[in-house]
Protein chains: 2
Amino acid sequence: MKFAKIPMATIVRLSIYMRTLQELLEEDVEVISSERLAKQCGVNPAQIRKDLAYFGEFGVRGVGYRVNDLVNQIKDILGLNRPWNLAMVGLGNLGSALVRHGNFIKHGYVFTAAFDADQSKVGKRLPNGLIINHISELEDVVRERDVHVGIIATPANDAQSVANSLVLAGINGILNFAPVQIQVPDCCHVENVDFTIKLDSIAYHLSFGG
Amino acid sequence: MKFAKIPMATIVRLSIYMRTLQELLEEDVEVISSERLAKQCGVNPAQIRKDLAYFGEFGVRGVGYRVNDLVNQIKDILGLNRPWNLAMVGLGNLGSALVRHGNFIKHGYVFTAAFDADQSKVGKRLPNGLIINHISELEDVVRERDVHVGIIATPANDAQSVANSLVLAGINGILNFAPVQIQVPDCCHVENVDFTIKLDSIAYHLSFGG
DNA sequence: CTATTTATGTGATTATATTCACACTTCCCG
DNA sequence: CGGGAAGTGTGAATATAATCACATAAATAG
C-alpha cells in the first residue's frame, strides 16, 4: 500500500477527509469535488489531490470523487477495514470517561482490556461489560486478548513504567494521555494527546494575536 | 514579543520544552545544554536553539541554559505568566472528567464557568465548587466571569452552535473535543483534540510499518 | 460530432522547516 | 594567564511540504 515516503501530515489529513466524507454520506451526497471537500476541511484543494495521489487515483476527471468509494479507499489506506483492540491503562476520571466514550467504537476501535493499579478498582465492571484487571496482570492479559494499542491515562509519574510493560507485552502502538514524553523503542509508535499544550498554543495566540 | 513569523510547530515545541524543564527543576537541575534537553524532548539540539532564537538569546555560550530562567522566559513568550479562565461546555463523561482533571490548574488554567444543555444538570455543583449553568445563559455568564477560552465537549452535532455562541460572547480561543471541524471567524483560534484521529495514525503505522 | 465546462492528476515552483557547521563566548585547569 | 573543552547563536545548506498551473479526461449541450 505504501509507495513512497508519506508525510505524517498527509496521514492525519486523510483521517480528517474521511470524517468529513462520512458526514457527507449521511447527508446523501454521492459525489464531491476536491474544491468543496477542501473548503469543508479547511485545506487547499490541491493538497487533497496530492495527498490521495501518494496512494493512487481515486477520482474521475471532470466529475469528482464518489463519496462512498473514497471513504472505503481511505480506510484501506489507513488500515481501518478491520477492528482494532484497545487496552485502557488507568481508570481515573479521564480513563473512565474515555472507555465510556462512544467515538472509539464508532470508528472500529474496541476496548478488550482495562487495567488499574488501585486494588479497590480491580474486578469492577465497566459499562461496556469489561472487568478491570490489576496492572500486574497487564502482560498476560494483553497477549490473551490480542490487544493492539495501549492507551495510557495514568498519572504522569506512572506513564513510563506502563509504557515499558506495554512494550514488553508486544504492543507496538500507544496513545498517551499522560503529560510526559515517554521513551519507547523504535518498533513502537506513540501518539500523544496533551490538551494543556493545545491550551498553551491558544494562550499564545490570544496574547500576541498570531 | 513576536519578532517574525513564528512557525506554529515552534510554539508547540516551546510548550514541550517548558514541561521538560519544569520536571528538571523538580529534580534540582540548574543548568542544561540544548543537547541534553533535546534528547529528553526527542528533537534535534539545533532545533531548540533556533526555536528560542526567534525570541531572543536565553542561553550562555559554553554553559547552557539556566533551567529556572528559561521556564520563565518561555512562559513570557507564550503568554503564560498570568491566569487564563476557561469555560467548559458539555458536562457529559468527558467534560466532567476534564473539569476534575488536575492538569489544567497545574498550568495556570482555571475553570470559571460550566454549561450544559440538560436542565437536570443545571444547578449541580462540580468538585471545584463551580455550579453548572444552562447553555442558554452562556453569553451572559461568559462575559460576567471574564472567560478567555471555551472548551467544547458536547456531542458532535452541537459543537458548531456552541462555537457560534462562544464567538458571539467575545471568545477568541476554543479547544474543541468534538470530532467535527468547526467553522469560526478569523479572530477566533481553534485547537482540536481528536483522539480517534491519533488512533488512525497508529493504525496506519501498525498496518504498514511506517 | 464538436465545443464547452468541469474537475482530476501531476510536474514545476514556491514556501517553509530542519539540520549542519562553524565562529564565538565562557569556563576550567594547570 | 593561556590553552583546551564545552556549548550557544546563526548563516548557509538541505530537506520537506504546500501551492500553482496546466495538460488531460469525462460529461453535457447544441
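In what follows, chains are A, B, ... by sequence order, proteins preceding strands, each numbered from 1.
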| said: Counting C-beta onward and ignoring hydrogens, is there a side-chain heavy-atom pair between A:I182 and A:I152 closer than 4.5 Å? | reply: yes
| N/O (side chain, A:S34) to phosphate O (OP1/OP2, C:dA7) under 4.0 Å | no
| Given C:dC20, C:dT10, C:dT16, which nucleotide is nearest the side-chain atoms of A:A53? | C:dT10
| task | Verify whether the ring centers belonging to B:F58 and B:Y65 lie closer than 6.0 Å. | result | no
| query | Is there a side-chain polar atom (N or O) of A:Q47 under 4.0 Å from OP1 or OP2 of D:dA17? | reply | no
| request: Using only heavy-atom distances, decide whether a donor-acceptor pair under 3.5 angstrom links the side-chain of A:K50 to the base of D:dT19. | output: yes
| note | From CD1 of A:I48 across to P of D:dC20 the rounded distance in Å is 14 Å
| request: By nearest nucleotide on DNA chain D, pick out whichever of A:V60 and A:R49 is the more 5' one. | output: A:R49
| request: Measure the distance from CD1 on A:I11 to C1' on D:dA17 and round it to the nearest whole Å. | output: 14 Å
| request: Let me know, please, whether A:G62 or A:L52 comes out on the 5' side of the other along DNA chain C by nearest nucleotide. | output: A:G62
| request: To the nearest Å, give me how far apart CZ (B:R66) and P (C:dC27) are. | output: 11 Å
| query | Distance-only, no hydrogens or angles: does the B:N176 side chain make a donor-acceptor pair with backbone N or O of B:V180 under 3.5 Å? | reply | yes
| CD of A:E57 versus P of C:dG9: gap in Å, rounded? | 5 Å
| field | Distance, rounded to the nearest Å, where A:D69 contributes CG and C:dT8 contributes C1' | value | 15 Å
| task | Let me know the distance between CD1 of B:I6 and C1' of C:dT18, rounded to the nearest Å. | result | 16 Å
| task | Please report the closest heavy-atom contact between B:L199 and A:V149, naming both atoms and the distance. | result | CD2-CG1, 3.9 Å
| query | What integer distance in Å separates B:R61:CZ from D:dT10:C1'? | reply | 8 Å
| query | Below 4.0 angstrom from OP1 or OP2 of C:dT18, is there any side-chain N or O of B:R13? | reply | yes
| query | OP1, OP2 of C:dG9 versus side-chain N and O of A:Y65: anything below 4.0 Å? | reply | yes
| Sub-3.5 Å donor-acceptor pair from the side chain of B:S96 to the main-chain atoms of B:L91, do we have one? | yes
| query | How many Å lie between CD on B:E35 and C1' on D:dG9, as a whole number? | reply | 16 Å
